[in-house]
Structures are given as structure tokens and as C-alpha cells.
Amino acid sequence: MLIHNTESGREEVFEPYALPVKMYVCGLTPKNEPHIGHARNFVLNDVIRRYLEYRGYPVRYIQNFTDVDDKIIAAGQREGIPAAEAAKRYIDRYFAAIDPLNVRRADQYTYVTQYMPKIIAMIQTLVDKGHAYASGGDVFYAVSSFPRYGRLSHQPDEDLLNAGARIEPDPKKRDPRDFALWKAAKPGEPFWESPWGHGRPGWHIECSTMALDTLGEKIDIHGGGTDLIFPHHENEIAQSEAATDTAPFAKYWVHVGMLNLGDKKMAHSDVFIPLIDMLKKYPAPVIRLYLVSHHYRAPIAYSEEALAAVQPRWARYVELRNNLLRLLRRASEGGSGNTASAAPIASAVPVEETRAAFIAAMDDDFNTSGGLAAIDNFVRRANDYAAVLEGTEITPEAAATLQAALDLLDELIMQVLGVQIEQEDAAQKLDPALLAEIERLIAERNAARQAKQWGEADRIRKELEARHNVILKDRAQETTWEFKA
């Protein structure tokens, strides 16, 4: 299995230090509604986790919440509530929006406000080792003390100097590249006691402390968006390796490409699309399929049209699964058919070939687009096979092929990619009177078709669609129905 490492800039053979695989993903700063850009990061990291487990690697997955921050303080002031309450509000909304996308919960969530003693202790370690200094109530990391600084973002010293001066200008710093580990409290802000006075941690030290505490000094995979490469992850490396004298802090740095609106990344400081609004317009599995249909490192230029275009693809998966289940039910009930035209089996449905093609794509740096191409080819072949079985006797051999096809769909689409294609039977959720009305009309239409009263049959079909939003599908031995999407 190959995995692209941002630090080396190339694909490397995946060889974890030990099992379980230790995976840390930078989580949300809960300052506003989670948006679809956040969803891309967490969905794709979820796929990476799922695929590693599918390939036999147990994973310990940690994700943090930065629940105290300048922007969270601003959110509390904006909404007239304490910053802690604002953070909790948006953490709750994160789960309300991300859970429908079938993102599995982390093995552990860490919160900055619960780590203050350990964060302060790590800062003190850096001060004691000469990698940090106090200045005017703040504490800064001394970048010049860490010669390897810049190796993740591959930036020359001149660019790092300019970036440091631009991102965190502060006359108390010795070097423009230096960054804050501890910030002196301003009036009205939440604060904690420390050896340097009242204050709170800088952004970067939090993840170093929480990752080291939960996973130890050597992490296998550290994930996040490409916007975190510099300065956040660059600074994490400097802090962590300087504090522990152990390198590398993370063996593989994995970064998810940005989801952009026009030429700008989707972010709270600009225009953004709340995820909860998207869930009102599109089924959650369609959103997830849209996000996983692009390679995780590739940026996405978001558009409503591109998202809507994914829905038919998802519907094909759902329809195939429903057809396979229907044919298997008919086989178990001993459905009649023309024995002479019973379907041939052989390699009609390439189950093993599809699994191998999917694994080959995903083993190449989690290439979900390539994996989906293998699935799409399989869906076409399985649909052709299901069509051949209509009106024929389903032999035990054919039933075994149908079951293998169904199992593969569930394995690759639902288990690995996490895209839900299992739908409840619509009839189970209907009012009994409405269900009886639909079934009565379908029976009347079937009688009209048998009597070759095509005009009446067409009238009933239109009535079902107009009154109940029901679409009919005529098959060789039965008529099935579903609600119009």
C-alpha cells in the first residue's frame, strides 16, 4: 500500500510503527456552523481509516476540538453568550451535521480546555530546553533553535520570514518566524493561571500536547486540510520534536485538498455553505458520494450542479441493490420462470475482478475515484445480469451469484466508502390506508394491462404519480414501485 507523504512529497510504502495504527486528525474550531468544506476533510479521513481497517490494520483514531480561540471568543461576543457556551453550541451542531454523513466517531475526542495543565507543562519543557522564551506575558517558540523548521511546507527561509511577519506580527518576538505558545489574557477574555501570568495557549501547542498524550511520541498518520500545512503542522513538528527529542513526530503527513467556492477556499471568514443546509436539499449519502468521488488530495471547485449530478450515480447503486434483493427473495420463494432460458452464470458478474481493481486503486494513495470507476463497471455488469434473470428460473447457482454481487456492493460502497445505499422499504413507513390505496391502484392497473386496456393502465400510472408521487417499474413477473426522488 502506498501513501503520499506531504513531508517527502512522494508516495511511500505504508509501514506503521506498530499496531494499532496511530492516526491523529486536526478537528474543528467550533466558532460557527460546520460547512461542507469541513465535511470533506472529515469524510475523507474517515474513508482512510475505514480502508486501513478493511486491509487488516486496526486504527486508533484521535480528533480534537479547539474549544478556546480568538474566533470562539468573538463568536460568544457576537451571540451574547460566554465563549465556552458558544464552543459547546457549535460542537453539538458539528455532530448533528456530520453524523448523517456516516462519519464514524473518533476513538477519542480531545478538548483544549481539558488539557491546560499538560499544555502548560509542555510549554515549560520547551522553555527549559531553550526552544521558547517569555516576553511581555506571552511565550514564543524560538524557530531559530530548530534547524529543521520548514521541511513540511518546503519553504525557503526568506518565505518563512515573510510569512511569520505577516501571519503573527508582534514586536515582542525576537524573530518574525517565532510563534506564540502562550498568550497573555486581554480584559474580558477567559484565562488560566500559568507561570507567565493569566492567559491561554496559542493555537499550535494544543495539538502537539493532545497528540503526544493520546498516541505517544511516534504517530503513524497525521491528517488535516492542506490549509494546515503552514503554519499549523509545521509548528506542530517543531514543538513536538523539540520537546521530546524524538523524530519524526509523524511518519506520514496526509492532507486533504480544499473545497473551493470560485477561487477561494470555503471558510467561515468568507462565504460558506452550512452543511445542515445542504442536508435539507440532498440525501446525506449523495453528499458523501460527491465528496469521495474526487481524490482526497485534489482540490474541488464546488458547485450545486456537480453535487446534483452525483445523485443519479447513487440512485443506480440503490436500484441495483434493491433489484438484487428482490431477485434473491424470488429465488428463496421458488419463483417460477422459463427453465429453458435460465440465465448463464460463468463470469457474468466479475466479483473478484472488481474487488481486486478496487483494492489496486485504493492501495495507490486511497484513490477513491479509481475505486468508484471499478464499482461503476461492476454495477453495469450486475445490472445486465439481473436483466437476464427477469422472467427466468433463478437456479441455486444464479442465486449464489446474486448474493456475491450484493455482498460486494455492501463491502465496497457501504463498509469502505461509507456511502449508505441500504434503504428502508418505503411501504414499511407508510400509513396503512395509503399503502392499501397504492396497492389497489397497482392491482387495477395490472388487470387493465392483462386486458390490453393500455389507455386505462396509463391513466392509473399517471394518477399514482400525480397523487402519491409513486413511480412504477414493470418487470417480467411483477410491478415494483418507489417514491419519486
Side-chain angles (χ1 to χ4, degrees), residues 39-59 61 95 97-107 275 278-279 282-296 307 310-329 349-363 366-383 385-386 399-426 428-429 482 485:
R40 187 184 190 209
N41 180 36
F42 300 121
V43 164
L44 269 297
N45 275 293
D46 181 59
V47 170
I48 291 171
R49 175 194 190 182
R50 286 169 177 266
Y51 186 69
L52 289 171
E53 291 176 342
Y54 175 71
R55 295 290 276 138
Y57 298 97
V59 177
Y61 184 98
F95 286 116
I98 209 72
D99 283 348
L101 294 184
N102 202 25
V103 174
R104 288 171 48 197
R105 294 287 179 106
D107 293 309
L275 183 54
M278 302 305 303
L279 288 165
Y282 297 97
V286 170
I287 297 174
R288 181 166 178 125
L289 181 59
Y290 166 72
L291 295 173
V292 305
S293 62
H294 303 77
H295 191 284
Y296 78 89
L307 177 53
V310 172
Q311 189 149 349
R313 189 183 205 177
W314 174 71
R316 286 193 295 273
Y317 300 160
V318 172
E319 183 176 25
L320 173 60
R321 191 177 192 280
N322 288 341
N323 284 343
L324 294 173
L325 285 169
R326 177 179 57 81
L327 290 169
L328 282 166
R329 283 196 298 269
V349 183
V351 171
E352 292 307 322
E353 296 93 324
T354 299
R355 182 180 286 111
F358 179 86
I359 289 173
M362 292 291 287
D363 273 0
F366 311 106
N367 184 359
T368 52
S369 56
L372 282 167
I375 290 171
D376 288 338
N377 179 63
F378 171 79
V379 168
R380 287 190 292 271
R381 296 281 295 276
N383 273 324
Y385 183 70
T401 300
L402 291 170
Q403 187 64 56
L406 177 64
D407 292 345
L408 187 71
L409 277 183
D410 289 356
E411 174 187 319
L412 302 186
I413 299 178
M414 293 206 290
Q415 176 188 340
V416 179
L417 298 181
V419 176
Q420 182 61 252
I421 58 172
E422 181 181 24
Q423 290 189 311
E424 290 184 74
D425 186 347
Q428 295 177 356
K429 299 185 289 184
E482 61 188 38

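Among residues two or more places apart in sequence or in another chain, the side-chain contact (heavy atoms from CB on, under 4.5 Å) test is passed with D363 by M1, Y51, R55, I359. Scanning for side-chain contact (heavy atoms from CB on, under 4.5 Å) contacts around R380 gives D376, N377, with sequence neighbours left out. With sequence neighbours excluded, the residues satisfying side-chain hydrogen bond (donor to acceptor under 3.5 Å, both in side chains) with N323 are R475. In this structure, the side-chain contact (heavy atoms from CB on, under 4.5 Å) partners of T368, at least two apart in sequence or on a different chain, are V47, M362, L417. Contacts of R40 classified as salt bridge (Lys or Arg N to Asp or Glu O under 4.0 Å), with partners at least two apart in sequence or in another chain: none. Under the rule for a ring-ring contact (aromatic ring centres under 6.0 Å, His included), the partners of Y57 that lie at least two apart in sequence or sit in another chain are F14. Here Y296 pairs with nothing under the ring-ring contact (aromatic ring centres under 6.0 Å, His included) rule; sequence neighbours left out. Remark: H295 pairs with no residue by the ring-ring contact (aromatic ring centres under 6.0 Å, His included) rule, at least two apart or across chains. The salt bridge (Lys or Arg N to Asp or Glu O under 4.0 Å) search around R104 returns E53, not counting sequence neighbours. Listed by chain and residue number, nothing satisfies the salt bridge (Lys or Arg N to Asp or Glu O under 4.0 Å) test with D407 (two or more places apart in sequence, or in another chain). In this structure F95 satisfies the ring-ring contact (aromatic ring centres under 6.0 Å, His included) test together with F65, Y109, sequence neighbours excluded. Taking R355 as the reference, E352, E411 meet the salt bridge (Lys or Arg N to Asp or Glu O under 4.0 Å) condition, with sequence neighbours excluded.
When each of V286, L307, L101 is checked for a side chain to side chain contact (heavy atoms under 4.5 Å, CB included) with M278, only L307 meets the rule.
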